[in-house]
Amino acid sequence: MIGEVVLFPGELEKWYTNKHDFIYIKSDGAVEVRFNRIKIELNKETPGLFQCSQGSFSIQNISTHPVTLRAIKFTCGIKMQKDFFSTDFEQAPFVSLLTGEAFDEVYCSHIIKVLEHLKKPQQLQNSRDRIDSRLIQLNRYIRKNYNTPISLQDLADYVGVHPTYLSNTYSKVFKISPILFLNQLRMKAAKELLIDPKLAIKEIAELVGYNSASQFSLIFKRFHSKTPSQFRKDTLKSIY
């Protein structure tokens, strides 16, 4: 089942799941998904895939403008851990469905492979205590090195686990994905640097850890609904 809904700022929507239901959610703005005392933030850059306990969960628009949610709800016998949630997975088969391509056995097969791949890291659950003890260290690592090029794979290698397992575990502990946290730190630093008119956009991009000015500008606009140049112009105008 494919659905679409528009949420206005602050508006909250309740959805329901049955046993074995999975839901893929893609939003063009910042929303907060809440279920069983867990809060996960999604945005245009970060879709989510989850299977929560049978019952209701809520999605709230936490941005300052209307957002459009597009979701795929389907039933599959693959059983994940309780209240499974992931923001790091192969999106291709889901995106193909949302863009209107026919749902056939190929896409079914691809989605099953995605779920099976996500299930494998959960076999490491026995070492969860050991891994969780490194999450604070990893959080400090991100804070210290956000201004250097870092990928989810780099973070996973740092603690010695699978990227998907890291993303799921980190999100449960800190209520935010490691990549979203990384980008938040970079955006905060970028806003401060943009006040200095002597710094070029490309230079600021490098100073906060992005490989290119285009990548930096794209992510900055997703966070602040304006380009770095527009933000600089508006900020300097208000100051002077």
Note, Met187 side chain near Ile219 side chain (heavy atom, < 4.5 Å)
yes

Look only at the side chain of Ser171 and the backbone of Ser167, and say whether a donor-acceptor pair between them is shorter than 3.5 Å.
yes

Looking at side-chain heavy atoms only, is the closest gap between Ile40 and Phe50 below 4.5 Å?
no

With rounding to the nearest 0.5 Å, note down the distance linking CZ in Phe220 to NZ in Lys191.
7.0 Å

Leu218, Phe231: one ILVMFWY side-chain cluster at the under-4.5 Å cut-off?
no

Single-linkage hydrophobic cluster Phe57~Val5, side-chain heavy atoms < 4.5 angstrom
yes

Would you compute the distance between atom CD1 of Ile150 and atom CG of Asp154 and round it to the nearest 0.5 angstrom?
7.0 Å

Would you check, one step at a time, whether the test side chain to side chain contact (heavy atoms under 4.5 Å, CB included) holds for Ile25 with Val31?
CA-CA 10 Å; Ile25 301 175; Val31 297; 5.6 Å; no

Under 6.0 Å between the ring centres of Phe174 and Phe181?
no

Would Val159 and Tyr141 count as a side chain to side chain contact (heavy atoms under 4.5 Å, CB included) here? Give the steps.
CA-CA 11 Å; Val159 293; Tyr141 175 82; over 6 Å; no

What distance do Asn139 atom CG and Lys144 atom NZ have between them, rounded to the nearest 0.5 Å?
14.0 Å

Where at least one partner belongs to residues 198-210, residue pairs that pass side chain to side chain donor-acceptor pair (under 3.5 Å), sequence neighbours excluded:
Asn183-Tyr210

Got a second to check how far Ser151's OG is from Ile179's CD1, nearest 0.5 Å?
7.0 Å

Given 3.5 Å as the limit, does a donor-acceptor pair link the side chain of Lys26 with the main chain of Ile72, or not?
no

Determine yes or no for a side-chain-to-main-chain donor-acceptor pair under 3.5 angstrom, with Gln60 supplying the side chain and Gly10 the backbone.
yes

Nearest-0.5 Å distance that lies between atom CG in Asp28 and atom OG1 in Thr68
4.5 Å

Asn61 side chain to Phe8 main-chain N or O, any donor-acceptor pair under 3.5 Å?
yes

Nearest heavy-atom pair of Ala30 and Glu41: which atoms, and what distance?
CB-OE2, 4.2 Å

Give the intermediate values and the outcome of side chain to side chain contact (heavy atoms under 4.5 Å, CB included) for residues Arg222 and Asn43.
CA-CA 8 Å; Arg222 288 174 179 171; Asn43 55 41; over 6 Å; no

Closest non-hydrogen contact found for Val6 with Glu11 is O-OE1, 4.0 Å

Quick one: does Arg232's side chain have a donor or acceptor within less than 3.5 Å of a partner on Leu194's backbone?
yes

Tell me whether Val173 shares a hydrophobic cluster with Ile176, the cluster being built from Ile, Leu, Val, Met, Phe, Trp, Tyr side chains joined at under 4.5 Å.
yes

For Pro149 and Asn211, which heavy atoms make the closest approach, and how far apart are they?
CG-OD1, 3.6 Å

May I ask you to test the Tyr16-Asp21 pair for a side-chain heavy-atom distance under 4.5 Å?
no

With a 4.5 Å cut-off on side-chain heavy-atom distances among I, L, V, M, F, W and Y, is there a chain of contacts connecting Leu199 to Val208?
yes

Which pair of non-hydrogen atoms, one from Ile23 and one from Ala71, has the smallest distance, and what is that distance?
CG2-CB, 4.4 Å

I need the Ile201 CD1 to Leu193 CG distance, nearest 0.5 Å.
10.0 Å

Please answer: with hydrophobic residues joined when any side-chain heavy atoms are less than 4.5 Å apart, are Ile62 and Leu7 in the same cluster?
no

Of all the heavy-atom pairs spanning Asp234 and Lys226, show the shortest one and how long it is.
OD2-NZ, 2.9 Å

For Leu69 versus Ser27, what's the shortest heavy-atom pair and its separation?
CD2-CB, 3.5 Å

Sub-4.5 Å side-chain heavy-atom contact between Leu152 and Tyr170:
no

Taking C-beta and beyond as the side chain, do Tyr158 and Gln137 meet within less than 4.5 Å on heavy atoms?
yes

Kindly indicate whether the side chain of Pro9, heavy atoms from C-beta on, has any atom under 4.5 Å from the side chain of Pro66.
yes

Please assess Ser212 against Ser214 for the test side chain to side chain donor-acceptor pair (under 3.5 Å), listing each intermediate value before the final yes or no.
CA-CA 5 Å; Ser212 67; Ser214 59; 3.2 Å; yes

Please assess Leu166 against Leu138 for the test side chain to side chain contact (heavy atoms under 4.5 Å, CB included), listing each intermediate value before the final yes or no.
CA-CA 10 Å; Leu166 171 63; Leu138 179 65; 3.5 Å; yes

